[in-house]
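Have a look at the structure below before the remarks.
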Amino acid sequence: MPINNTTFQIVKRSETRGLITNRSAEEIGDADFSSLNNIRFSRFGFGPRLGIKVLGANDNAGNSGQGIKSLYGYQKGDGITVLLRNHATFLEVYNRSQDSWQTLVSGLTADLRFAYAPYNKTVLSTSSTQSFDNNVVMCNGTDAFRLWNGAIAVLSSATASTIVVSGDITLANLGFTATGDVIINGATYSYTSISGQTFSGVTPNPTGETNGDGVFQASSTLTGLPRGNILHSSLGRIWQSKDVAVRVYGSAAGDVIDADLFTTGSAYGDPFIEDFSEGNGPVLAITSRDGKTLIWKKNFIASFYLDVYSAASATGNQRPVHGVAFEGVDVGCASPLAVTNVRSDFYYVTPRGGLHIFGYTERGNPDINSLTSVIAPSIKDFNFDDVAIGFNPKEQLVYVSCRGSDELGQTAAENETTLVFDIQRGALSILKGLGFSCFWFDETSGKMLAGGVNAPRVYELNIISVFSDEIAVNQFIPVSCAALTT
């Protein structure tokens with residue numbers, strides 16, 4: 001039955017399992033679908049998926065054809081979340097007050113995906129204050145390892161040698177250092193002191209900047225460190241690898257981020273390295289759960305932990321222990337962006353396109369369940385080399401963006417198809433003509449965000465009561481959808 005693309009259809013399909021194509025239409029249930037395109041389920045029934053719109057104006061919008069490589073929300077120790085993205089040669093920060101993306105770092109090696117990991121430290125005080133040592137580490141595997149404290153403010157005014165920011169929170173409480181550099185519209189300004197909302201001793205002259213622009217603490221580079229593009233933080237450590245390597249580096253526990261961060265040792269809390277040559281191919285992702293770290297490859301998932309085997313932990317020894325959770329064709333993840341955490345489980349996409357759940361049984365044994373076997377005929381010609389997965393906890397939806405195929409089985413050249421799994425209903429649907437490079441759920445706004453594949457745009461998904469897509473600012477195309485039941 002075709003569906004009008006402007007009117008939500010209130011049809012009782014509360015028991016639907018969504019799209020099922022591994023059986024004939026006559027064999028599936030009355031509430032199931034043999035064909036779905038651009039359909040959304042709701043408590044009222046089903047109808048056209050909602051629209052999307054561009055989030056934020058672009059500082060570097062001229063880089064068309066160069067899509068978003070990464071999207072990340074860094075949450076500081078005080079709970080404030082700062083959105084970061086990278087594309088072309090730029091690393092950018094989202095200025096919420098102006099709804100714009102502004103340059104934090106430029107001149108990077110072009111079109112390399114950044115990875116991020118938080119490394120915050122909060123120290124309680126005996127007085128009414130507490131200190132935040134905010135750190136997010138960032139690297140693209142080629143350029144120098146970067147460290148940023150996430151300090152961000154909004155320009156209120158400027159003189160030849162001062163910068164004043166908006167609001168009543170002091171620069172110190174916003175996280176800015178006593179001396180250092182700030183970035184405004186990609187330009188670097190040095191300052192010699194801060195007081196209240198004012199930077200003093202500013203050089204060069206900042207009066208050419210526009211009020212309302214973002215003022216960001218400059219990031220710093222750390223030389224002498226391994227340069228990975230897979231980063232993870234857990235158990236007081238930074239874990240890193242690269243998508244062409246089998247070696248995993250673990251930092252010193254709770255250490256200062258400096259050139260000695262990944263120097264190896266055997267004492268309690270020391271850094272370490274461990275090679276994962278099993279399973280063929282490079283490490284693609286690192287996650288953690290229940291005190292263990294999971295190392296992901298295309299055909300391999302390993303559990304890993306450090307065993308402390310001395311009674312005196314402060315001076316004792318540590319020993320890497322790892323075992324294979326699963327090894328075999330198509331049991332691992334397809335790409336560095338193919339794993340996401342959903343409550344206590346991991347949802348991930350295999351190289352051949354299976355959407356799987358990795359979890360543990362009641363006895364603590366690792367377990368894998370497939371969610372896409374029911375649509376195997378529909379996705380057999382899809383390509384998952386650049387797959388990205390995301391989870392919307394608000395709507396309880398899992399998104400998988402990949403390269404779809406046409407009626408002749410010809411695979412698309414870029415991600416232009418998105419599979420959607422509705423966790424509450426256990427139902428699958430396919431969104432054709434809608435592909436993304438990466439996903440992030442922004443806890444501050446409650447919005448599900450996605451990166452553009454071939455343009456420097458971030459999109460907000462599921463715009464209520466809008467059945468059209470914003471392909472650029474104020475440029476819309478209608479959503480075309482169809483559904484076929486038994």
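Numbering starts at 1 and runs along the sequence shown.
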Give a yes or no answer on whether the side chain of Asn211 reaches the backbone of Ser156 with a donor-acceptor pair at less than 3.5 Å.
yes
Would you sort out whether Asp469 and Leu434 count as a side-chain contact (heavy atoms from CB on, under 4.5 Å), showing the intermediate values?
CA-CA 9 Å; Asp469 297 336; Leu434 191 68; 4.1 Å; yes
Contacts of Ser190 meeting side-chain contact (heavy atoms from CB on, under 4.5 Å) (sequence neighbours excluded), chain-then-number -> Asp181, Thr203
Per-pair distances, 0.1 Å, donor-acceptor, side chain in residues 141-150, under 3.5 Å, sequence neighbours excluded:
unit_1: Asp143; atom_1: OD1; unit_2: Thr109; atom_2: OG1; d: 2.9
unit_1: Asp143; atom_1: OD2; unit_2: Thr109; atom_2: N; d: 2.9
unit_1: Asp143; atom_1: OD2; unit_2: Thr109; atom_2: OG1; d: 3.4
unit_1: Asp143; atom_1: OD2; unit_2: Asn140; atom_2: ND2; d: 2.8
unit_1: Arg146; atom_1: NH1; unit_2: Ser219; atom_2: OG; d: 3.0
unit_1: Trp148; atom_1: NE1; unit_2: Gln217; atom_2: O; d: 2.5
unit_1: Asn149; atom_1: OD1; unit_2: Ala151; atom_2: N; d: 3.0
unit_1: Asn149; atom_1: ND2; unit_2: Gly175; atom_2: O; d: 3.0

Please give me the minimum heavy-atom distance between Gly228 and Cys139, naming the atom from each residue.
O-CB, 3.2 Å
Residue set satisfying ring-ring contact (aromatic ring centres under 6.0 Å, His included) with Tyr116, at least two apart, ordered chain then number -> Tyr72
So Tyr189 and Glu209, do their side chains get closer than 4.5 Å, heavy atoms only?
yes
Please tell me if the side chains of Leu419 and Tyr399 come closer than 4.5 Å, counting only heavy atoms from C-beta onward.
no
Would you call Val398 and Ile389 a side-chain contact if the rule is heavy atoms closer than 4.5 Å?
yes
Can you tell me how far apart CG (Asn95) and CD (Gln102) are? Round to the nearest 0.5 Å.
4.5 Å
All heavy atoms of Val387 vs all of Cys402, minimum pair found to be CG2-CB, 4.4 Å
Give the minimum heavy-atom separation between Leu428 and Leu371, together with the two atoms involved.
CD1-O, 3.1 Å
Partners meeting salt bridge (charged side-chain N to carboxylate O under 4.0 Å, His left out) with Arg227 (sequence neighbours left out)
none
Glu443 and Gln75, any side-chain heavy atoms less than 4.5 Å apart
yes
Let me check something: any side-chain donor-acceptor pairs from residues 160-172 under 3.5 Å, sequence neighbours excluded? List them with distances.
unit_1: Thr162; atom_1: OG1; unit_2: Thr159; atom_2: OG1; d: 2.5
unit_1: Thr170; atom_1: OG1; unit_2: Asn173; atom_2: N; d: 3.1
unit_1: Thr170; atom_1: OG1; unit_2: Asn173; atom_2: ND2; d: 3.3

Are the side chains of Asn38 and Arg49 in touch, meaning some heavy atoms are under 4.5 Å apart?
yes
Can you sort out the partners of Phe436 under ring-ring contact (aromatic ring centres under 6.0 Å, His included), two or more places apart, ordered by chain and number?
Phe439
Note, Thr177 side chain near Thr179 side chain (heavy atom, < 4.5 Å)
no
Using the ring centroid of each side chain, check whether Phe176 and Phe199 are separated by less than 6.0 Å.
yes
Excluding sequence neighbours, so at least two apart, what forms side-chain contact (heavy atoms from CB on, under 4.5 Å) with Thr287?
Leu294, Trp296, Val339, Phe346
Partner set under ring-ring contact (aromatic ring centres under 6.0 Å, His included) for Tyr360, not counting sequence neighbours
Phe358
Side chain proximity check, Leu112 to Lys69, heavy atoms < 4.5 angstrom:
no
Ala388 and Ser437 have their tightest heavy-atom pair at CB-O, 3.3 Å
List for me each residue that meets ring-ring contact (aromatic ring centres under 6.0 Å, His included) alongside Tyr94, sequence neighbours excluded, and say none if there are none.
Trp101
Would you say the side-chain atoms of Gln66 and Asn454 include a donor-acceptor pair closer than 3.5 Å?
no
Looking at every heavy atom in both Lys292 and Ser303, which two are closest together, and how far apart are they?
CD-CB, 4.4 Å
Go through the side-chain N and O atoms of Ser70 and Asn86 and say whether any donor and acceptor fall under 3.5 Å apart.
yes
Is it the case that the ring center of Tyr249 lies less than 6.0 angstrom away from the ring center of Phe272?
no
Given 3.5 Å as the limit, does a donor-acceptor pair link the side chain of Trp239 with the main chain of Ser234, or not?
yes
Measuring only between side-chain heavy atoms, which start at C-beta, is Asn134 closer than 4.5 Å to Tyr119?
no
Can you see whether His356 engages Thr350 through a side-chain donor-acceptor pair at a distance of less than 3.5 angstrom?
no
Closest non-hydrogen contact found for Leu155 with Thr210 is CD2-O, 3.4 Å
side-chain contact (heavy atoms from CB on, under 4.5 Å) filter on Ala110, not counting sequence neighbours, yields Thr89
Residues that Lys297 engages under salt bridge (charged side-chain N to carboxylate O under 4.0 Å, His left out), provided they are two or more places apart:
none
Considering residues at least two apart in sequence or located in another chain, which fulfil the salt bridge (charged side-chain N to carboxylate O under 4.0 Å, His left out) criterion with Asp213?
none
